[in-house]
**Student:** 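To start, I am sharing the structure in question, which I have written as structure tokens.
Values in this document were obtained by computation on a predicted structure and should not be read as measured data. Residue numbering restarts at 1 for every chain, and letters A, B, ... go by the order of the sequence lines.
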2 protein chains.
Amino acid sequence: MRAAVDLVAEAGFSAATTAAIAERIGMAEGTLYRHFKSKDELFIAAYRQLKADVFERVTAETGLESSIQARARAMWLGMWQTYANDLAAFTFGQRFAESAYSSLEGGTAHEAIMGHVHKIIQDGQASGEIRAGDPTVLIAFFFPPLTAMLKQLSTGRNWDQDEVEFAIDCAWQAWRI
Amino acid sequence: MRAAVDLVAEAGFSAATTAAIAERIGMAEGTLYRHFKSKDELFIAAYRQLKADVFERVTAETGLESSIQARARAMWLGMWQTYANDLAAFTFGQRFAESAYSSLEGGTAHEAIMGHVHKIIQDGQASGEIRAGDPTVLIAFFFPPLTAMLKQLSTGRNWDQDEVEFAIDCAWQAWRI
DNA sequence: GTCTATACAGGGATAGAC
DNA sequence: GTCTATCCCTGTATAGAC
């Protein structure tokens with residue numbers, strides 16, 4: 001699974017052939033099929049594990065914070081740090097979600113992560129800290145900017161701590177009353 | 001090119017084979033190669049034309065506005081309307097950009113569109129209407145939310161006029177002083 | 001410009017020995 | 001669990017007639 005993730009991140013799905021995966025881990029091609037029924041199943045399993053890992057990390061971090069703004073910030077940083085430490089996993093996830101596989105695997109963990117932000121927004125709207133309006137729109141000002149910056153990170157653009165904090169603040173400005 | 005775009009949008013690159021493209025337009029497979037040297041060239045040509053069309057439309061609309069905020073709004077609406085009227089083209093563009101093709105075709109028109117928003121931000125920062133800070137970060141609060149909403153539109157989520165205006169306002173809140 | 005026929009390569013998957 | 005060998009299919013691209 002690791003080899004598959006790395007290959008997809010490096011050169012796309014078309015490069016992640018069974019031959020390439022097997023070669024990278026020094027295993028025979030046929031042996032792959034003792035562990036996975038098909039290549040598709042391997043990719044889907046890798047995607048599921050990736051999302052589950054991120055979800056675990058993010059929920060653990062946001063639970064420690066009390067204020068709405070701090071929860072949102074912790075969530076942003078949790079995702080940022082998780083993916084920044086494994087950019088190949090990030091790129092794999094992006095490509096997977098944009099591929100035809102996405103229709104096969106909606107992603108329960110993905111839904112769980114979305115639900116987590118949804119909750120922050122609803123709490124903030126209830127307490128009067130976050131502007132009223134469709135939460136779906138507000139979420140579009142959280143994950144998409146975050147992933148856009150991660151994408152640039154994976155292509156060599158470096159962000160210093162100030163820039164990350166600036167981004168988090170922009171996100172909060174978009175949300176706040 | 002139209003058939004290729006539609007097929008990629010419907011079922012991903014793996015489904016957009018030369019056989020499928022030829023069948024959809026009622027043409028023999030071999031005939032495709034009288035118009036394009038290779039399948040890759042076909043995809044890249046389609047992507048270039050797509051971006052060029054969007055650029056033309058967007059620059060035409062934003063030129064009519066005077067204030068910074070109105071220019072930003074016109075740009076958002078220009079892209080929104082262009083892609084909302086051709087969701088297949090939008091999805092194709094997303095998938096193309098996330099695929100291995102993206103390394104072959106950086107996209108001059110894409111750069112031009114980015115430069116256009118960059119200009120709006122710089123003008124706004126100079127006039128004191130837009131907060132100081134890295135323009136790259138601010139751009140992450142423009143296109144990514146916009147495309148995230150378009151992506152949902154392409155999967156059946158409908159947005160009414162108020163929600164679109166709400167999104168534009170959120171983007172402006174993220175930018176403004 | 002378009003078609004038919006075909007060459008060629010590569011990828012997914014299986015069988016069976018060790 | 002792993003390897004080797006192999007089958008089969010599909011996808012890209014070309015040749016050549018009309």
Side-chain angles (χ1 to χ4, degrees), chain A residues 1-51 88-89 91-107, chain B residues 1-51 88-89 91-107:
Chain A
M1 280 164 57
R2 186 69 235 175
V5 165
D6 288 344
L7 281 165
V8 170
E10 286 164 22
F13 277 100
S14 57
T17 63
T18 50
I21 294 168
E23 192 204 343
R24 178 161 297 212
I25 54 180
M27 185 178 259
E29 213 174 333
T31 309
L32 293 178
Y33 291 87
R34 292 287 171 174
H35 302 276
F36 298 96
K37 271 184 66 179
S38 70
K39 200 184 96 166
D40 287 3
E41 196 185 70
L42 192 164
F43 283 142
I44 290 171
Y47 184 72
R48 285 207 179 117
Q49 195 184 68
L50 163 65
K51 284 289 178 180
T91 304
F92 169 79
Q94 292 287 106
R95 293 193 159 163
F96 185 97
E98 206 56 65
S99 77
Y101 285 114
S102 61
S103 56
L104 298 176
E105 167 60 18
Chain B
M1 280 162 58
R2 185 68 236 176
V5 165
D6 288 344
L7 280 165
V8 170
E10 287 164 20
F13 277 100
S14 56
T17 62
T18 48
I21 295 167
E23 191 203 344
R24 179 162 294 213
I25 53 180
M27 184 178 259
E29 214 174 330
T31 309
L32 293 176
Y33 291 87
R34 293 285 173 176
H35 301 275
F36 298 95
K37 271 184 65 180
S38 70
K39 199 184 95 166
D40 287 3
E41 197 185 69
L42 192 164
F43 284 143
I44 291 171
Y47 183 72
R48 284 207 180 117
Q49 195 185 66
L50 163 65
K51 284 289 178 181
T91 303
F92 168 79
Q94 292 288 105
R95 293 193 159 161
F96 185 96
E98 206 55 65
S99 77
Y101 285 113
S102 61
S103 56
L104 298 174
E105 167 60 18

**Student:** For the residue pair A/Val5 and A/Phe43, establish whether any side-chain heavy-atom pair is separated by less than 4.5 Å.
**Tutor:** no
**Student:** Specify the separation, in whole Å, of atom CD of A/Glu41 and atom P of C/dA13.
**Tutor:** 10 Å
**Student:** Which residues pass the salt bridge (charged side-chain N to carboxylate O under 4.0 Å, His left out) test with B/Glu105, sequence neighbours left out?
**Tutor:** B/Arg48
**Student:** Which atoms form the tightest heavy-atom contact between A/Ala4 and A/Ile21, and what is the distance?
**Tutor:**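 So the two residues come closest at CB-CD1, 4.0 Å.
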**Student:** How many whole angstroms separate atom CG of B/Leu32 from atom C1' of C/dG1?
**Tutor:** 12 Å
**Student:** Compare all side-chain heavy atoms of B/Tyr47 with those of B/Tyr101 and state whether any distance is below 4.5 angstrom.
**Tutor:**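 Heavy-atom side-chain distance check fails, nothing below 4.5 Å.
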**Student:** Between C/dG1, D/dA13, D/dT4, spot the one nearest the side chain of B/Lys39, thanks.
**Tutor:**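 Between C/dG1, D/dA13, D/dT4, the one nearest the side chain of B/Lys39 would be D/dA13.
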**Student:** Whole angstrom is fine here: how far is it from CZ in B/Phe36 over to P in C/dT2?
**Tutor:**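 About 12 Å, once rounded to whole Å.
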**Student:** Rounded to the nearest angstrom, tell me the gap between atom CD in B/Glu23 and atom C1' in C/dC3.
**Tutor:** 16 Å
**Student:** A/Phe13 versus B/Phe13: any side-chain heavy-atom pair under 4.5 Å?
**Tutor:** no
**Student:** Under 3.5 Å between N/O atoms: give me all the protein pairs with nucleotides 14-18 of chain D, atom names plus distance.
**Tutor:**
residue: D/dG16; atom: O6; partner: B/Arg34; partner atom: NH2; Å: 3.3

**Student:** Would you say that A/Phe92 contacts A/Asp6 through its side chain, given a criterion of any heavy-atom pair below 4.5 Å between the two side chains?
**Tutor:** no
**Student:** Report yes if some heavy atom in the side chain of B/Leu32 is under 4.5 Å from a heavy atom in the side chain of B/Ile25; otherwise report no.
**Tutor:** yes
**Student:** Taking the side chain of B/Met27 as heavy atoms from C-beta outward, which of C/dA13, C/dG12, C/dT2 is closest to it?
**Tutor:**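 So the side chain of B/Met27 is nearest to C/dT2.
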**Student:** Identify which nucleotide among D/dT2, D/dG11, C/dC3 has an atom closest to any side-chain atom of B/Ala28, counting heavy atoms from C-beta outward.
**Tutor:** C/dC3
**Student:** Measure the distance from CG on A/Leu42 to C1' on C/dG12 and round it to the nearest whole Å.
**Tutor:**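 Atom CG in A/Leu42 sits about 13 Å away from atom C1' in C/dG12.
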**Student:** Rounded to whole Å, how long is the line connecting atom CD1 of B/Ile21 with atom P of D/dA13?
**Tutor:**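 In whole Å, D/dA13 P and B/Ile21 CD1 are 11 Å from each other.
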**Student:** Tell me: NE2 of B/His35 to C1' of D/dT12, nearest whole Å?
**Tutor:** 17 Å
**Student:** May I ask you to evaluate whether A/Thr18 reaches the phosphate of C/dG11, defined as a side-chain N or O under 4.0 Å from OP1 or OP2?
**Tutor:** no
